[in-house]
Amino acid sequence: MAEPLIEIKNLNVDYGLGDDAVHAVSDVTLTLHRGEVLGLAGESGSGKSTLAYGMTRLLPPPGVVAGGEVIYHDPERGPYDVLSLTNNELRDFRWAETSIVFQGAMNSLNPVHRIGSQLTDVIRAHDPRSSKEARLARARELLTLVGIPSDRLDSYPHQLSGGMRQRVMIGMALALEPKVVIMDEPTTALDVVMQRQILGELVQLRERLGFSVLFITHDLSLLVEFSDRIAIMYGGRIVEQAPAKEIYTDSYHPYSAGLLGSFPALRGPKRELTGIPGSPPHPGFREYQTLVMCRAGSEFSRKGAVPCRRLYSKVEPGGPAGHADRVRFPPAVPEILRAVRAGPPGARCARCSRRFGQRGGLLAAPRPLTRVSTLEEIRWKPLPRR
Amino acid sequence: MSYLLRRIVFYVFTAWAAITINFFLPRLMPGDPVQALIAKEQGQLSTDAVHSLYVLFGLDKQQPLWQQYVDYWGQLLHGDLGLSFTFFPTPVSEVISSSLPWTLILVGVTTVCSFMLGTGLGVLAGWRRGSWVDLVLPVTTFISSVPYFWFGLIMIELLAGPNSFFPSSGGYDPGVVPGWDIDFIGSAVQHSLLPALTILISSMSGWILSMRNMMVTVSSEDYITVAHAKGLSDRRVMLSYAARNALLPNVSGFALSLGLIVGGTLLVEIVFSFPGVGFQLFQAVGAKDYPLMQGIFLIITLSVLAANFIADLAYLVLDPRTRKEG
């Protein structure tokens, strides 16, 4: 794996202070590597956007970053914590290192300024010594880059279509050649054809310019196609992260499975689409890190997903079995499962059941996991010779 | 441009309608100015004099109404608004033009100052909401609910007096001869300080409130977050992104208040006996001076129309979305 570019460590974001605070993002640890497209998926209210705003310190009040670190590995200056930058340093950091394409393409541009002035003011803010001609030339170049005729520089936002506006925003995001572009549901407001087109261009641009992308969406099918790795968020936590292919073919977490089961495949046999019953739990509960499938007490029958009641009561026998809402789900479980399964050849997990690595064994028998709750606790021992 | 043309046509039509109503209004009222003048002279007028007065006022009964209307337009285009009763036989246009500069300068300067100061403070209060600047709010809300004239009376009571620097009435010292010299201008400025302060304080709070509220609304727009994310300086985001957009509703309010400059501060001028148009109108009403009232109404109407037109133009310049171009 390439070297890390942004390391989010134990990030907590609350809305509000004190006991009434809603923990919108809790204890998220996530790494974005150089040149990678990291997808961040999850349903509405799972904390995806809050995570993005939190790590860039753009949270509107009453949002507060309650703890954690966001380490940016600057190629020139070495690693530093974005959360502890002073205001001036933060201003310099923004857009030059990390730019953002926001959710609302329609409202991201100021309606009373020309496209040109909105493209050039960011260049001027970061490089006050640049000449006006140079800035205009760069703005023209950026428009061409995203497939908009450069004479549109004199247009106002209302004279552009939604797709064009989003292209302008993407062009603007690339203005200072940042190392990271955060895309917060950049194509949600557009129709699917336009989505495809813009994302296709984005992939090309990324290959040419080599920036990393943190792509936030609830459209998992899109992510499977465009991203290298996918992290799934649920209730303010990362519940699973793995290479995109792996998530698609073999997701561990019942929520990921639920997400994947909710859209149709283009080829292959027809199957019933499964939705996720109930509505997401209130993020105010610490305990709620339970699961989708638990929320309606329903059972889920798909590969990799088991009735959560069984799963949880076994994963953490300490939890009050049978009381779905109060069962805890250790965030490390999917990683443990994955590690155990991909364990070194000729060895088996010392405290895991033998059946564990078997295909079709599902997660149905993770009993040994009761003794392993973090990756570090896994011990390997050689398989007995025949 | 066709948009502008349509607006101009609209304003020309409105002006015509206003002038026409202005023509008919006194003619619909019982009695006529000559009767009033006869009453004023207590019957000391001969029939010839009365007749010539009728001719003078354009009220000779022989003429059909449409003929009078055409003549009225003819006179109007020559700047002839008839003769004032109170200042008989001074033409109304002369009476108005002697009081108009007083009002224009006093109320004009204070309106512009109050708009600029109020908007500036409103920008700050909206941008730094939640800080100590919010203390401005209850104060301005209180002040904006106080009527102008009452505030003026309080000012006179507190600040003006026999030995005070601030004179309590008039436009200039009676001992000074009007003219463009230091003495006169100094005296005029000194006399206008209190009324100006009254208008400034009581009208500024409205600007502060509306600007602050618009700033708060605009601050939550996506493009403000984008501007922050772009790493622009706080000052630039505040002025060029937030205030620039929040200003739009205030600008049209400002243009409308420009229209009210001429007649709007009647009560303040009365309280301070300031020789402006408002005070003139007050005197005209007291003396049943119809031609003068008519003339002042006409000026007020035209200035409101002109201000509306300016508001339209300002909007065209400030908000590209209102421009109807390809």
Side-chain angles (χ1 to χ4, degrees), chain A residues 49 52-53 56-62 85 87-115 117-128 154-159 165 168-169 172-173 175-176 178 181-182 184 189, chain B residues 3 119 123 125-134 211-212 214-252 311-326:
Chain A
S49 299
Y53 286 118
T56 48
R57 289 174 59 182
L58 281 169
L59 277 174
L85 291 178
N87 280 343
N88 277 334
E89 289 170 338
L90 182 67
R91 255 203 298 283
D92 289 341
F93 169 80
R94 283 176 169 169
W95 223 255
E97 309 294 339
T98 315
S99 64
I100 309 177
V101 178
F102 287 92
Q103 227 167 47
M106 299 297 165
N107 307 320
S108 292
L109 289 164
N110 189 339
V112 303
H113 291 307
R114 292 176 198 276
I115 303 295
S117 84
Q118 298 191 53
L119 281 167
T120 47
D121 68 354
V122 62
I123 305 175
R124 197 173 75 178
H126 288 272
D127 185 9
D154 290 331
S155 297
Y156 286 98
H158 71 279
Q159 294 166 324
R165 277 184 238 182
V168 171
M169 285 313 293
M172 194 187 287
L176 304 174
V181 178
I182 297 172
D184 184 9
Chain B
Y3 170 75
T119 305
V123 167
W127 195 244
R128 306 236 176 280
R129 68 179 181 285
S131 69
W132 61 269
V133 190
D134 275 357
M211 192 60 193
R212 185 226 175 233
M214 271 315 288
M215 279 295 281
V216 171
T217 312
V218 170
S219 294
S220 61
E221 292 282 349
D222 285 349
Y223 50 78
I224 302 292
T225 317
V226 174
H228 280 302
K230 277 157 86 173
L232 304 182
S233 67
D234 198 52
R235 206 182 128 83
R236 174 149 172 93
V237 180
M238 175 176 87
L239 295 179
S240 175
Y241 280 74
R244 175 69 173 70
N245 292 55
L247 194 64
L248 293 174
N250 250 24
V251 163
S252 53
D312 278 352
L313 288 183
Y315 240 91
L316 273 186
V317 173
L318 288 176
D319 192 347
R321 285 166 296 185
T322 52
R323 287 173 220 165
K324 299 254 177 79
E325 56 196 24

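First the proteins, then the strands, lettered A, B, ... as listed; each starts at 1.
Every side-chain contact (heavy atoms from CB on, under 4.5 Å) that B:R128 has, sequence neighbours left out, goes to B:S131, B:V133, B:D234.
Judged purely by atom type and a 3.5 angstrom limit, B:K230 uses its side chain to pair as donor or acceptor with the backbone of A:Q118.
Taking every heavy atom of both residues into account, B:A229 and A:W95 meet most closely at O-CE3, 3.2 Å. Across A:R91 and B:L232, no two heavy atoms sit closer than the pair CD-O, 3.3 Å. Scanning all heavy atoms of the two residues, the minimum distance from A:A125 to B:G231 falls at CB-O, 4.2 Å. Taking both residues in full, the closest heavy atoms of A:P111 and B:P320 are given as O-CG, 3.3 Å, listed atom of the first, atom of the second, then distance.
Note: A:V122 leads A:V122, A:V101, A:T98, A:L176 in heavy-atom pairs under 4.5 Å with chain B.
In this structure, the portion of A:Y53 lying under 4.5 Å from any heavy atom of chain B is its side chain and not its backbone. Contact annotation for A:P60: neither backbone nor side-chain heavy atoms come within less than 4.5 Å of a heavy atom of chain B. Interface remark: A:R124 contributes side-chain atoms only to the contact with chain B (heavy atom separation under 4.5 Å).
Of all residues in residues 239-248 of chain B, those placing a non-hydrogen atom less than 4.5 angstrom from a non-hydrogen atom of chain A are B:S240, B:Y241, B:R244, B:N245, B:L248.
Expressed to the nearest 0.5 Å, how far OG of B:S233 lies from CG of A:N88 amounts to 10.0 Å. Atom CG of A:L109 and atom CG of B:D222 lie 10.5 Å apart (nearest 0.5 Å).
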